[in-house]
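Numbered from 1 within each chain, the chains take letters A, B, ... in sequence-line order.
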Amino acid sequence: MNSAPVTTESGLSGVELGRRAFRKKQSGRSVLISLASTVMLAAIVWLTVVNTPGWALVQQAFFDPKTGANFFPSILLGLWLNVRILFFAVIGVAIFATLIAVIRTLRGPVFYPLRLIATVYTDLFRGMPLIIVLYLVGFGIPALGVTPRLPPEVWGTLALILTYSAYVSEVLRAGMEAVHPSQRLAARSLGLTHAQTLRLIVLPQGIRKVVPALMNDFVSMQKDVGLVSVLGSIDAVRAAQIAVADTYNFTPYIVAGLLFVVISLPFIRLTDWLAGRAQLREQIGGKV
Amino acid sequence: MTSAEPVLRITNLHKRFGDVHVLQGIDLEVFQHQVVVVIGASGSGKSTLLKSVNLLEQIDDGQIFLKGEDISDPRIAVDKARARIGVVFQQFNLFPHLTVLDNVALANRRVHGLSRDEAETIARHWLDRIGLGHKLRDYPDRLSGGQQQRVAIVRAIASDPELLLLDEITSSLDPLLVGEVLDLVSELKAGGSTILMTTHEMQFARNVGDHVIFLKDGFLLEQGTPQQVFDEPQHPATREYLSRVKTH
């Protein structure tokens, strides 16, 4: 090639302007294609569903606006209980899971019994279905007759904490172990104790590494809060159940389900945003 | 304790990693305001020697005395001994989740019991001195390698340690950045710091070192003033090593 690049008034060469025009055209086309395909897919799904033989019945049983509107206030009131349970459960999980994670990373034979208990605990509660833990804690512990009479949602919160701490502690442990050993070395060389090193150096860095996974557990917990209804607490699910029993119409379940989605949406978006930001940071210097 | 008591005295130090005998009976002394430079090929035991002094490695035999106190005795408080010794690593090892200021202030606050203000005042003073006073609130990954290493050095000396250990602190730096880090070490020497360091920078070892030690395969083969070791090496292994590093 012997043609010198032509410089235009924008200060860019003609070659670069050509590339930019091409990229612009390409991205414009991509947007159109994705828009068209989305609309088409939605149309196909909609047409398929409304043309099924039983659609009229299903619409009446599950999507009746009048029933939905009638029971919306009581379901919303129930949701407030779910939100409160979630609030305390999250605090409980944060504390208990960190404790278990730290115990599992302790070295030395002195801590063997503690480590063993922590390991058995995480194995047991990660494997056990939440609903069984709810029954065991919610009906079993009060039956021992040593606790004062407490509302069922307290036991439900405890069961949630027990189950979710097992998952979250494993995520935290993975994060702590992903912190490079040289960081511990540097901390200890300054004279920080083992506990200070964990608290000031390893945990903060470890948690940062697993934020997306933790947020995911949080979103999952948010919807599992609905299971405390099996203990008899009038939460959103229970309120919907009562309404269904009243009307023989399933719309209240849909209302409760959508409300759970609505409260989880901000966190789901936040999780995506955090994950995206982390990816962007790690990809500085090139995106493929 | 007389003034002739060395800051660091190592006697008959042995360290094994499995079957590998990394340090085979090292004796050395570092006196107040002295810069002792350890040279030798990779794998000669230099880094292990420094890690042993800071009790980051458990030694297999021998004793390490810091100002006359046997810090290799398991009955002493390890953290207290470590707090008296500053360490700078080849890979900087700054804390990525803390700002430059917090990195430097950390030990004074958490280990030496200073208030946040006192610790930060000292940290600011040191960061100003190395020309990074405008980077206090930055995180380490925003700094160049040379800047990070200088921050790591002031992090180690901010608590005024009795002994400073520098482990190949310029080995992972761009050649252009080596100078700024070594200049800081010269400044510290002028300020009276007591330093035990390993390096591959022979010119620097000759100019700044008071005492040079040559290690090979875990043995201390030769030691003396820079003139003795660099100009009139006695041991054939020293001669061979120096001829290689000089003619590369």
message: Less than 4.5 Å to any heavy atom of chain B: does that hold for the side chain of A:Gln183, its backbone, both, or neither?
response: both
statement: The interface call for B:Arg155 against chain A, heavy-atom contacts under 4.5 Å, is both
query: Do other residues, nucleotides or ligands put more than 12 heavy atoms under 6.0 Å from the CD atom of A:Gln26?
result: yes
query: What distance separates B:Asn103 CG from A:Leu190 CG, expressed to the nearest 0.5 Å?
result: 9.0 Å
- prompt: Which residue out of B:His97, B:Arg82, B:His112 racks up the most heavy-atom pairs below 4.5 Å with chain A?
  reply: B:His97
- request: Look up atom CG in A:Leu200 and atom CZ in B:Arg109, then write down how far apart they are to the nearest 0.5 Å.
  value: 8.5 Å
field: Residue selection (most heavy-atom pairs with chain B, distance under 4.5 Å) from A:Arg208, A:Gln205, A:His194
entry: A:Gln205
query: Nearest heavy-atom pair of B:Val87 and A:Ser189: which atoms, and what distance?
result: CG2-CB, 3.8 Å
query: How about A:Tyr121: does its OH atom have over 12 heavy atoms from other parts shown lying under 6.0 Å from it?
result: yes
message: With a 6.0 Å cut-off (strictly less than), is the heavy-atom count around CZ of B:Arg142, excluding the residue itself, greater than 12?
response: no
message: Counting heavy-atom pairs under 4.5 Å with chain A, which one of B:Ala77, B:Ala156, B:Gly86, B:Pro96 comes out on top?
response: B:Pro96
message: Can you confirm whether A:Arg184 is buried at CZ, in the sense that more than 12 heavy atoms of other residues, nucleotides or ligands lie under 6.0 Å from that atom?
response: no
- prompt: Heavy-atom distance under 4.5 Å to chain A: side chain of B:Lys80, backbone, both or neither?
  reply: neither
field: Whether over 12 other heavy atoms sit under 6.0 Å from B:Phe17 CZ
entry: yes
message: Would you say that A:Leu185 contacts B:Lys51 through its side chain, given a criterion of any heavy-atom pair below 4.5 Å between the two side chains?
response: yes
task: Flag the one option from B:Leu106, B:Leu56, B:Leu94, B:Leu98 with the top tally of heavy-atom pairs under 4.5 Å to chain A.
output: B:Leu56
- prompt: Less than 4.5 Å apart, any side-chain heavy atom of A:Leu192 and any of B:Val111?
  reply: yes
message: Which atoms of A:Arg199 are under 4.5 Å from chain B, going by heavy atoms: the side chain, the backbone, both sets, or neither?
response: side chain
message: Is B:Phe95 close to chain A through its backbone or its side chain, or both, or neither, when contacts mean heavy atoms under 4.5 Å?
response: both
